[in-house]
Protein chains: 2
Amino acid sequence: MEFYDCPVTATLEVIGGKWKPIILYVLMSGTKRFGALAVRIPNISRKVLTEQLRELESDGLLIRRKYKEIPPRVEYTLTPEGKSLWDVFNEMAIWGNNNRRIVKK
Amino acid sequence: MEFYDCPVTATLEVIGGKWKPIILYVLMSGTKRFGALAVRIPNISRKVLTEQLRELESDGLLIRRKYKEIPPRVEYTLTPEGKSLWDVFNEMAIWGNNNRRIVKK
DNA sequence: ATTTAGAGTTACCTTTTTGTTACCACTATT
DNA sequence: AATAGTGGTAACAAAAAGGTAACTCTAAAT
């Protein structure tokens, strides 16, 4: 872990990576169970999904709630900090849409 | 290369990575030579700087101008697309500043 | 003849990130 | 007794990203 003077680098540290944006985006629409996330994010392995969720949790962007039921139920919910990323995603989405020709194919 | 339905993922594909945000940020203040970039971005190796600049160029975010002089002179300038990332960086900077406690140390 | 300067390139290596496969725990149901 | 359902973990493999050191090219200066 390093210290970032640059708030942009800091932000990218937290939301970057191959899967975190999609995970956060899916959770923007509300609490989801582990299995529901896996279904809505095709091709992610359970291992990687678990890893990314744990990182997002320790970065304070979401909360993991485990219910003592059989079979087990685990729910993930964005914290206010997680939800506050909406504006950032929105700006990136605007840029991405305005520059579709730049997007790889 | 893959196709991204998600414009956020597409945007991160183009500006993500360890060095691209800083490179783009430095270029926001105007055209710079290779050596000037290297000085303003401490610890980046020449090889990686070259690689990242080539990628940004092929993504249409900047232009590389080479002058036939000895010793050689090469200048990098943001394209309008590159400059238009300003809003995205701005939003990330806001979030990063509002969430300093989340930033690693 | 050797050195210097700028902007690289090349070959090679290490670290980080992401993916694959198999397996576990616990209970209810068939 | 065997199987299904849920949310994982362990061990290993592959790919991507990043880093290091040495080398190139050319003209002018020492």
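No donor-acceptor pair under 3.5 Å is formed between the side chain of A:Thr77 and the backbone N or O of A:Thr31. Looking at B:Asn90, its side chain never comes within 3.5 Å of a backbone N or O of B:Trp86 through a donor-acceptor pair. A donor-acceptor distance shorter than 3.5 angstrom exists from the side chain of B:Lys32 to the backbone of B:Gly30, with no hydrogens or angles considered.
Once rounded to the nearest 0.5 Å, the distance linking CD1 of B:Ile44 with CD1 of B:Ile22 reads 7.5 Å.
If you measure from atom CZ of A:Arg54 to atom P of C:dT17, you get 18 Å, rounded to the nearest angstrom. Taking atom NZ of residue A:Lys20 and atom C1' of nucleotide C:dT18, one finds them 13 Å apart after rounding to whole Å. Here C:dG6 presents its C1' atom at 13 Å from CG of B:Leu49, a figure rounded to the nearest Å. The CG-P distance, from A:Leu53 to D:dT6, rounds to 17 Å in whole Å.
For C:dA7, the OP1/OP2 oxygens have a side-chain nitrogen or oxygen of B:Arg33 closer than 4.0 Å.
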Are any protein N/O atoms closer than 3.5 Å to N/O atoms in nucleotides 14-24 of chain D? If there are, list each pair with its distance.
from	atom 1	to	atom 2	distance (Å)
D:dG18	OP1	B:Lys18	N	2.9
D:dG19	OP1	B:Lys18	NZ	3.0
D:dG19	OP2	B:Trp19	NE1	3.2
D:dG19	N7	B:Lys47	NZ	2.8
D:dG19	O6	B:Lys47	NZ	2.4

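A continuous path of Ile, Leu, Val, Met, Phe, Trp and Tyr side chains, each step under 4.5 Å between heavy atoms, connects B:Ile41 with B:Leu85, placing both in one hydrophobic cluster. Criterion: ILVMFWY side-chain heavy atoms under 4.5 Å apart, direct or through other members. Under it, B:Leu61 and B:Met28 are part of a common hydrophobic cluster.
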Go through B:Arg73 and B:Glu75 one step at a time and tell me if the salt bridge (Lys or Arg N to Asp or Glu O under 4.0 Å) criterion holds. CA-CA 7 Å; B:Arg73 176 159 61 112; B:Glu75 291 181 345; 3.1 Å; yes
With salt bridge (Lys or Arg N to Asp or Glu O under 4.0 Å) as the criterion, how do B:Lys20 and B:Glu55 come out once you've worked through the C-alpha distance, each side chain's angles and the decisive distance to 0.1 Å? CA-CA 9 Å; B:Lys20 284 180 183 173; B:Glu55 288 181 21; 2.7 Å; yes
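If you check residues 63-76 of chain B against DNA chain C, the residues with a heavy atom closer than 4.0 Å are B:Arg64, B:Pro71, B:Pro72, B:Arg73, B:Val74, B:Tyr76, listed by number.
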